[in-house]
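Written below as structure tokens is the structure these notes are about.
Chain naming here is simple, since letters A, B, ... match the order of the sequence lines and numbering starts at 1 in each. Note that the structure is a prediction, hence the values are computed from the model and not measured.
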Amino acid sequence: MNIFVAKLNFKTTSEELLAIFEQFGEVTSAKVIMDKLTNRSKGFGFVEMPDETQAYAAINELNESEVDGRTIVVKKARPKEDSGYDNRGGGGGGYRSRDRY
DNA sequence: GTTGAGCGC
């Protein structure tokens, strides 16, 4: 499960993300995107977790949480495949219908 | 020494 983390603090690093997400489960890889020019953090990163259950748990717990003094946004990463099927729970990076089920 | 709604080389 690829997780997208936004609104990170500029001094936040991938190691911090790894430390934060690994608390909720196994983290395959955690990386914060940095600018190649300024070597500064772009303010967002990606976290990959093999277990979807832990991934969703981490998202629910880490979303809108205070990290490094800033409120971060943890969501599912952009869907790679657009098969056209009704991927209601496939994760579109948005909200899911809770009334469904 | 900065900023801030966003998807990675």
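With rounding to whole Å, A/R78 atom CZ is found 17 Å from B/dA5 atom P. In this structure, A/N9 atom CG and B/dG4 atom C1' are separated by 11 Å, rounded to whole Å. Separating the CG atom of A/L37 from the P atom of B/dT3 is a distance of 19 Å, rounded to the nearest angstrom. Per the geometry, CD1 belonging to A/I3 stands 17 Å off P belonging to B/dC7, to the nearest Å. Straight-line distance from the CG atom of A/N63 to the P atom of B/dA5: 17 Å, rounded to whole Å. Per the geometry, CG belonging to A/L62 stands 22 Å off P belonging to B/dG6, to the nearest Å. B/dC7 atom P lies 17 Å from atom CG of A/L17, rounded to whole Å. Residue A/M49 contributes atom CE, which lies 21 Å from atom P of B/dG8 at whole-angstrom precision.
For the atom pair OH (A/Y56) and NZ (A/K76), the distance works out to 4.0 Å, reported to the nearest 0.5 Å.
The side chain of A/F10 lies closest to B/dG4, out of B/dC7, B/dC9, B/dG4. Closest contact between the side chain of A/K7 and the listed nucleotides B/dA5, B/dT2, B/dC7 involves B/dA5. For A/A6, taking side-chain heavy atoms from C-beta onward, the closest of the listed nucleotides B/dG6, B/dT2, B/dG8 is B/dG6.
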### Message
Using the rule given for side chain to side chain donor-acceptor pair (under 3.5 Å), can you reason through A/E48 versus A/S29, listing the C-alpha separation, both sets of side-chain angles and the distance that settles it, and then say yes or no?
### Response
CA-CA 5 Å; A/E48 184 177 0; A/S29 68; 3.2 Å; yes

### Audit row: A/M34, A/K42, side chain to side chain contact (heavy atoms under 4.5 Å, CB included) steps and yes/no
CA-CA 5 Å; A/M34 293 183 175; A/K42 288 184 178 177; 5.7 Å; no

### Message
Could you go through A/V73 and A/F44, starting from their C-alpha distance and side-chain angles, then the distance that decides it, and tell me whether this counts as side chain to side chain contact (heavy atoms under 4.5 Å, CB included)?
### Response
CA-CA 9 Å; A/V73 178; A/F44 61 92; over 6 Å; no

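Contacts between residues 27-35 of chain A and DNA chain B, counted as heavy-atom distances below 4.0 Å, involve A/K31, A/I33.
With A/L62 as the partner, the side-chain contact (heavy atoms from CB on, under 4.5 Å) test is satisfied by one option alone out of A/V5, A/L17, A/I20: A/I20.
Syn is the conformation of B/dG6, whose glycosidic angle sits no further than 90° from 0.
Stacking here means ring centres nearer than 5.5 Å and ring planes tilted less than 30 degrees, and by that measure A/F44 does not stack onto B/dG6.
When each of A/E48 and A/T38 is assigned the nucleotide of DNA chain B with its nearest heavy atom, A/T38 is the one assigned upstream, toward the 5' end. Comparing A/S41 and A/F4 by the nucleotide of DNA chain B whose heavy atom lies nearest to each, the residue mapping closer to the 5' end is A/S41.
Applying the salt bridge (Lys or Arg N to Asp or Glu O under 4.0 Å) criterion to A/K11, with sequence neighbours excluded, gives A/D68.
In terms of polar N and O atoms assigned as donor or acceptor, the side chain of A/K75 comes within less than 3.5 Å of the base of B/dG6 in a complementary pairing.
When side chains are defined from C-beta on, A/I3 counts as touching A/I59, because their heavy atoms get closer than 4.5 Å.
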